[in-house]
Asker: 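Quick one: structure below, then a few questions.
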Number of protein chains: 2
Amino acid sequence: MTGGSQHRQAEAGKRYDVFHTDCLARDVVDHVTSRWGIWVLISLRSNSLRFYELRESIQGISEKMLAQTLRALVQDGLVWRKVEPTTPPQVTYGLTEFGQDVGEPLTELFDRITERLSRPGAG
Amino acid sequence: MTGGSQHRQAEAGKRYDVFHTDCLARDVVDHVTSRWGIWVLISLRSNSLRFYELRESIQGISEKMLAQTLRALVQDGLVWRKVEPTTPPQVTYGLTEFGQDVGEPLTELFDRITERLSRPGAG
DNA sequence: CGGCATCCTCGATGATACTG
DNA sequence: CAGTATCATCGAGGATGCCG
């Protein structure tokens, strides 16, 4: 990235530059806000889950997409992955500290939307 | 949606049901976390902007996508749109109360990610 | 300037089958 | 169970051009 760490500059006039350009943060944001990323992260907030638990948890996701999404999130350092070499194999996923950091505003976002939509007059 | 307002239930064991199924909230979440939605919302947090200002603000976005994203956000009640019938025409966009509600955790999310990535040992 | 319609491309996503 | 590989598709998104 070019600018570096220009986060939290909310001064009027000087708008964000980060998300305009090629920034590593943008990739992570893209992963987090990807079609399935947000649901994976929220799913893992309460407790760690195994692969098939995640798959059943997030209805509509295919194994491929789940694996792909998890791979990206693991690579970004948001999710950890623990393999137990039993038979059958057992792989557990959970949130890293970073993942929890990110999951918080994500859940907040989700909550605010659902709350708003469940309100009578809102719309 | 079926369950209604089961938000903020973070009890282990009972996972979210909302985002698994067909829920109006899911649509809004999809719009907000769409490729461009998040940047539009964050862009508008500090102040309202005109169409072309937004376009220049969010590098890489096409007019089509900007218009489309804005339309969705306006329809969801996150963004308002004001047309001034001057010549040339002048259209301004800004966040509604709902939009500000949503923009907050969104910015928080963004900030946490950039902060993390700008930290030395993280990664 | 704002924005819609059209065409077209490409990548994300899904279905299926196979491996360890 | 937990993936990976391959193939087919569908729609998001970009380019262009036209209109008020």
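On a predicted model such as this, the values are computed, not experimentally measured, just so you know. Within every chain, numbering begins at 1; the chains are lettered A, B, ... in the order of the sequence lines, protein sequences first and strands thereafter.
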Asker: Ring centroids only, cut at 6.0 angstrom: are A:F110 and A:W39 within range, meaning strictly under it?
Answerer: yes
Asker: Rounded to whole angstroms, how far apart are NZ on B:K64 and P on D:dT16?
Answerer: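 Answer to the nearest Å: 13 Å.
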Asker: For the side chain of B:W36, starting at C-beta, report the closest nucleotide among D:dA2, C:dG14, D:dG13.
Answerer: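 So the nucleotide nearest the side chain must be D:dG13.
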Asker: Taking only the side-chain nitrogens and oxygens of B:R50, find out if one of them lies under 4.0 Å from OP1 or OP2 of C:dG2.
Answerer: yes
Asker: Taking the side chain of B:A67 as heavy atoms from C-beta outward, which of C:dG3, C:dG2, D:dG14 is closest to it?
Answerer: C:dG3
Asker: Between atom CG in A:L66 and atom P in D:dA2, what is the gap in whole Å?
Answerer: 10 Å
Asker: Checking contacts here: which listed nucleotide (D:dG3, C:dC4, D:dG20) is nearest the side-chain heavy atoms of B:P89?
Answerer: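 The nucleotide sitting nearest to the side chain is D:dG20.
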Asker: Could you state the CH2-P distance from A:W39 to C:dT13, rounded to the nearest angstrom?
Answerer: 14 Å
Asker: Could you state the atom-to-atom distance from CD of B:Q68 to P of D:dA12 in whole Å?
Answerer: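 Spelled out: CD on B:Q68 to P on D:dA12 is 7 Å.
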Asker: Nearest nucleotide by nearest heavy atom, which residue falls closer to the 5' end of DNA chain C, A:S62 or A:P88?
Answerer: A:S62
Asker: Is the backbone of B:Y93 close enough, under 3.5 Å, to the side chain of B:W80 for a donor and an acceptor to pair up by distance?
Answerer: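 No; judged by distance alone, with no hydrogens or angles, the pair does not exist.
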Asker: If you only use heavy atoms from C-beta on, which nucleotide in C:dG2, C:dT13, D:dC1 is closest to the side chain of A:M65?
Answerer: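 The nucleotide sitting nearest to the side chain is C:dT13.
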Asker: Output the single nucleotide from C:dG3, D:dG3, C:dT13 whose closest atom is nearest the side chain of A:F51.
Answerer: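 Closest of the options to the side chain of A:F51: D:dG3.
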Asker: Between P on D:dA2 and CZ on A:R81, what's the gap in Å once rounded to a whole number?
Answerer: 10 Å
Asker: Is the shortest side-chain heavy-atom distance between B:L73 and B:L44 below 4.5 Å?
Answerer: no
Asker: Using a cut-off of 4.0 Å on non-hydrogen atoms, how would the nucleic acid contact of B:R55 be classed: base, sugar-phosphate, or nothing?
Answerer: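 It contacts nothing in the nucleic acid.
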Asker: Looking at D:dG3, C:dG3, D:dG13, which one has an atom nearest to any side-chain atom of B:R35?
Answerer: D:dG13
Asker: Any side-chain heavy atom of A:R35 sitting closer than 4.5 Å to one from B:D30?
Answerer: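 The answer is yes, as the side chains (C-beta and beyond) meet within the 4.5 Å cut-off.
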Asker: With a 4.0 Å limit, can you tell me whether A:Y93 has a side-chain N or O closer than that to the phosphate oxygens OP1/OP2 of D:dC1?
Answerer: no
Asker: Let me know the distance between CD of A:E63 and C1' of C:dT13, rounded to the nearest Å.
Answerer: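 Taking CD of A:E63 and C1' of C:dT13, I get 14 Å after rounding.
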Asker: Taking atom OG1 of A:T96 and atom CG of A:L78, what is their separation to the nearest 0.5 Å?
Answerer: 5.5 Å
Asker: What is the distance, to the nearest angstrom, from the CG atom on A:L49 to the P atom on D:dC1?
Answerer: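 Nearest whole value for this atom pair: 15 Å.
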Asker: Between B:K82 (NZ) and C:dC1 (P), how many Å, whole number?
Answerer: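 Rounded to whole Å, this separation is 19 Å.
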